[in-house]
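Notes to accompany the following structure.
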Amino acid sequence: DAPPGSPGRVALLVGDPDFERASLARTSAGVSSTTLTESNRSLLAEASRGISFAPLPGTGREVAQLSERLTDAGYRVESLTGTGATESALVDRETVPAFVHLATHGFFLPGLPTAHDEESSAMLLGGLALAGAQRTLDAWQQGSIPAPSSDGMLLASEAASLDFSGTRCVVLSACDTGVGRVRGGEGVEGLRSGLVLAGARHVLLTLWPVDDNATVAIMDSFYARLLEGTPPPLALAQTKRDFIRHYTESEGAYVAHRLVAPFVLTRSGIWTSE
């Protein structure tokens, strides 16, 4: 068993959410919206125009491959996909995972009243799309506001309330703030801040969308190094070096940059391999 205050040998993988539907098997008692008032939410229809969440089947393959690798390394893997990739499944947890992998769309909602400082604004308006998120977008367009705790839209401020205390690494894979209107990477910054406040020691994210096949290969290589005990910054640097070389030789330097450069990592704690 893990020592008190440290994560167990559990990995939480989220990918290929069903954006149209969400499972009703679980209900959240946790996340409530203290960040957007009801009057502010009445502006969501306008703020969300032009945003849509296309299916991400490649992230399902990504989760399946990582699940096999982590299981072989002795981790108990919890995979949330399809209608089960819900907000409540992230919130209502009894175990702090050692690794969290979130392969879905990111978003940023411009045009809503925000806090005075830029970091707080990003925390209010950026987030992750989970199961049911497209259904929520459609509801907003019709003037209906689903309950924030089960709307499939995990705001960065809500992510900050998750218990990732001691989680060694959170990965935001295919976290593509390009699905809506974006200003200066605010969605990415808000998500990073929220996950750090939740307790994550390292957060890896992508600054723009990349090819499905490339992401699967890059993530598998990154995790292989992590599970050998390599600290995340070094594991990412080694992985990026290898894939830049590979894609430069096969596709050219420009393509290599587009596929590999968006992966970045921030650190807020000490790395431990166990």
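Note that these values count all heavy atoms, side chains included, but never hydrogens, waters or copies made by symmetry. Positions are given from 1, in the same order as the sequence printed here.
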Sub-3.5 Å donor-acceptor pair from the side chain of [X] to the main-chain atoms of [Y], do we have one?
{"X": "Q134", "Y": "F53", "result": "yes"}
{"X": "T136", "Y": "D151", "result": "yes"}
{"X": "T248", "Y": "I244", "result": "yes"}
{"X": "T59", "Y": "L56", "result": "yes"}
{"X": "R267", "Y": "P232", "result": "no"}
{"X": "T230", "Y": "A235", "result": "no"}
{"X": "S67", "Y": "V63", "result": "no"}
{"X": "S221", "Y": "A217", "result": "no"}

Could you tell me if [Y] and [X] have a donor-acceptor pair between their side chains, going purely by distance under 3.5 Å?
{"X": "S173", "Y": "E62", "answer": "yes"}
{"X": "R201", "Y": "T167", "answer": "no"}
{"X": "Q238", "Y": "D242", "answer": "no"}
{"X": "T81", "Y": "S79", "answer": "no"}

Handout entry: L90 and L154, any side-chain heavy atoms less than 4.5 Å apart
Key =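 A side-chain contact under 4.5 Å exists here.
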
Practice task
State whether R21 and D18 are salt-bridged, where the test is any N-O pair (Lys NZ or Arg NE/NH1/NH2 against Asp/Glu carboxylate O) under 4.0 Å.
Solution key: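 Answer for the salt bridge query: yes.
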
Problem - Ring centroid separation H257 to Y247 under 6.0 Å - result: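 Here the rings of Y247 and H257 have centres that are no less than 6.0 Å from each other.
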
Handout entry: salt bridge (charged side-chain N to carboxylate O under 4.0 Å, His left out) assessment of R93 paired with D163
Key = CA-CA 8 Å; R93 300 186 48 77; D163 184 7; over 6 Å; no

Problem - Lys NZ or Arg CZ of R168 over F99 ring: under 6.0 Å, within 45° - result: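 Because its charged atom sits under 6.0 Å from the ring centre and within 45° of the axis, R168 does stack over F99.
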
Practice task
Test H101 against every option in F222, Y75, Y223 by the ring pair (Phe, Tyr, Trp, His ring centres under 6.0 Å) rule and name the one that passes.
Solution key: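 Single ring pair (Phe, Tyr, Trp, His ring centres under 6.0 Å) partner of H101 among F222, Y75, Y223: Y223.
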
